[in-house]
Peer 1: 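Can you keep this structure in mind? I'll have questions shortly.
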Amino acid sequence: EGAVLLDGAAAHVLCERGFGSLIGMKRVGAPVHRRDLSWIISAEEFHHPAFGGGEGKYLTATLPFLDAAGRFTVLEPLEGGETVSSWVDPDTRRVAPAMTAWTNASGGRVVVHGIEYESSFGVSFCHPFRREQLHGAVAWLSGFANATGPIRWHGARKPAAARRSSAFSTSTSTTGAG
């Protein structure tokens with residue numbers, strides 16, 4: 001049991017180390033610039049309503065990376081997972097999963113996002129659509145799939161965020177403080 005939100009780089013390392021079945025992935029490619037992918041991506045389509053998605057909700061995949069090395073990973077999910085958002089081409093055809101949700105055999109919940117968070121910034125990452133998506137991901141991970149409004153934590157466990165060597169992670173505290 002438990003829950004984890006992984007960016008593409010973390011998911012890639014876990015797959016390489018043999019934990020793909022626990023995170024719902026057959027394979028996760030190494031992070032690369034979008035021009036090095038085998039298909040063209042123009043935007044991320046947010047289509048899953050529990051994760052802030054809806055008809056016609058897209059964020060550009062190019063704008064924040066014009067002068068940077070924004071990196072993407074190719075996700076190859078296992079059967080039985082759910083695609084939360086997708087990469088789309090210039091004609092808005094879905095070409096690959098962008099974010100997936102998975103419940104593993106032990107009951108653990110995993111969300112994998114096919115971008116490297118360390119290289120993600122700018123308009124299309126820091127956007128209200130992204131906030132809704134990540135809020136939905138955390139709500140789903142915590143067992144509140146239809147949550148609306150702020151996430152509330154009950155009991156002694158409180159969420160704690162940490163930033164280590166440019167990597168963002170979350171954990172829980174059992175101190176009851178906060």
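Quick caveat, the model's predicted, so the values are computed rather than measured.
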Peer 1: With K57 as the cation and F46 as the aromatic partner, state whether NZ or CZ is under 6.0 Å from the six-membered ring centre and within 45° of the axis.
Peer 2: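 No, cation not above the ring by the 6.0 Å, 45° rule.
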
Peer 1: Would a single hydrophobic cluster contain both Y58 and F129, if residues Ile, Leu, Val, Met, Phe, Trp and Tyr are joined by side-chain heavy-atom contacts under 4.5 Å?
Peer 2: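 Different hydrophobic clusters.
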
Peer 1: So, taking the atom named CD in E44 and the one named NE2 in H127, what distance separates them when rounded to the nearest 0.5 Å?
Peer 2: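 These two atoms lie 12.0 Å from each other.
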
Peer 1: Is the shortest side-chain heavy-atom distance between M99 and V112 below 4.5 Å?
Peer 2: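 Answer no - side chains too far apart.
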
Peer 1: Of all the heavy-atom pairs spanning V28 and H12, show the shortest one and how long it is.
Peer 2: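 Here V28 and H12 meet closest at O-ND1, 2.8 Å.
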
Peer 1: Please determine whether a side-chain nitrogen of the Lys or Arg among R71 and E118 lies less than 4.0 Å from a carboxylate oxygen of the Asp or Glu.
Peer 2: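 Salt bridge between R71 and E118, a charged N being under 4.0 Å from a carboxylate O: no.
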
Peer 1: Are V88 and V95 connected, step by step, through hydrophobic side chains (Ile, Leu, Val, Met, Phe, Trp, Tyr) whose heavy atoms are closer than 4.5 Å?
Peer 2: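 No, V88 and V95 fall in different hydrophobic clusters.
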
Peer 1: Any idea which heavy atoms bring S86 and T83 closest together, and the distance?
Peer 2: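 For S86 and T83, the tightest heavy-atom pair comes out as OG-CG2, 3.6 Å.
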
Peer 1: Which atoms form the tightest heavy-atom contact between V74 and L37, and what is the distance?
Peer 2: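 Minimum heavy-atom contact is CG2-CD2, 3.7 Å.
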
Peer 1: Can you see which heavy atom on L141 is nearest to which on A3, and at what distance?
Peer 2: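 Between these two residues, the closest heavy atoms are O-CB, 3.4 Å.
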
Peer 1: Between K26 (side chain only) and G20 (backbone N and O only), is there a donor and an acceptor less than 3.5 Å apart?
Peer 2: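 Pair absent, no side-chain N/O of K26 close to backbone of G20.
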
Peer 1: Looking only at heavy atoms, which two atoms of T73 and I115 are closest? And how far apart?
Peer 2: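 Distance-wise, the nearest heavy atoms are OG1-N, 4.2 Å.
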
Peer 1: Using a 4.5 Å cut-off on heavy atoms from C-beta on, say whether the side chain of Y117 contacts that of L6.
Peer 2: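 Not in contact.
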
Peer 1: Shortest non-hydrogen contact from I23 to C15?
Peer 2: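 Minimum heavy-atom contact is CD1-SG, 4.0 Å.
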
Peer 1: Flag the pair E45 and R94 as a salt bridge only when some basic side-chain nitrogen lies within less than 4.0 angstrom of an acidic carboxylate oxygen.
Peer 2: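 So E45 pairs with R94 through a salt bridge.
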
Peer 1: Just verifying a value: how many Å separate E79 CD and W102 CH2, rounded to the nearest 0.5 Å?
Peer 2: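 So the gap between those two atoms works out to 9.0 Å.
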
Peer 1: Hey, any chance V32 and W39 share a hydrophobic cluster, counting ILVMFWY side chains that come within less than 4.5 Å of each other, even indirectly?
Peer 2: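 Shared cluster, yes.
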
Peer 1: Is R109 reaching over with its side chain to a backbone N or O of W140, donor-acceptor style, under 3.5 angstrom?
Peer 2: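 Yes, because the side chain of R109 sits within donor-acceptor range (under 3.5 Å) of the backbone of W140.
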
Peer 1: Is there a path of hydrophobic side-chain contacts, each under 4.5 Å between heavy atoms, that joins M25 and F19?
Peer 2: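 Yes: a chain of side-chain contacts under 4.5 Å links M25 to F19.
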
Peer 1: Taking the six-membered ring for Trp, are H113 and W87 parallel (under 30°), tilted (30 to 60°) or perpendicular (over 60°)?
Peer 2: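 Ring orientation, 0 to 90° scale: parallel.
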
Peer 1: About how many Å separate OG of S21 and CG of N104, when rounded to the nearest 0.5 Å?
Peer 2: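 With rounding to 0.5 Å, CG (N104) is 8.0 Å from OG (S21).
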
Peer 1: Backbone N or O of I41 within a donor-acceptor pair of the D89 side chain at under 3.5 Å?
Peer 2: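 Between the backbone of I41 and the side chain of D89 there is no qualifying donor-acceptor contact (under 3.5 Å).
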
Peer 1: For H48 and S85: C-alpha separation, side-chain torsions, deciding distance, then whether side chain to side chain donor-acceptor pair (under 3.5 Å) applies.
Peer 2: CA-CA 7 Å; H48 195 295; S85 66; over 6 Å; no

Peer 1: For residues L14 and F72: do they belong to one hydrophobic cluster (side chain heavy atoms under 4.5 Å, members Ile, Leu, Val, Met, Phe, Trp, Tyr)?
Peer 2: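 No, it is not one cluster - the side chains of L14 and F72 are not joined through contacts under 4.5 Å.
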
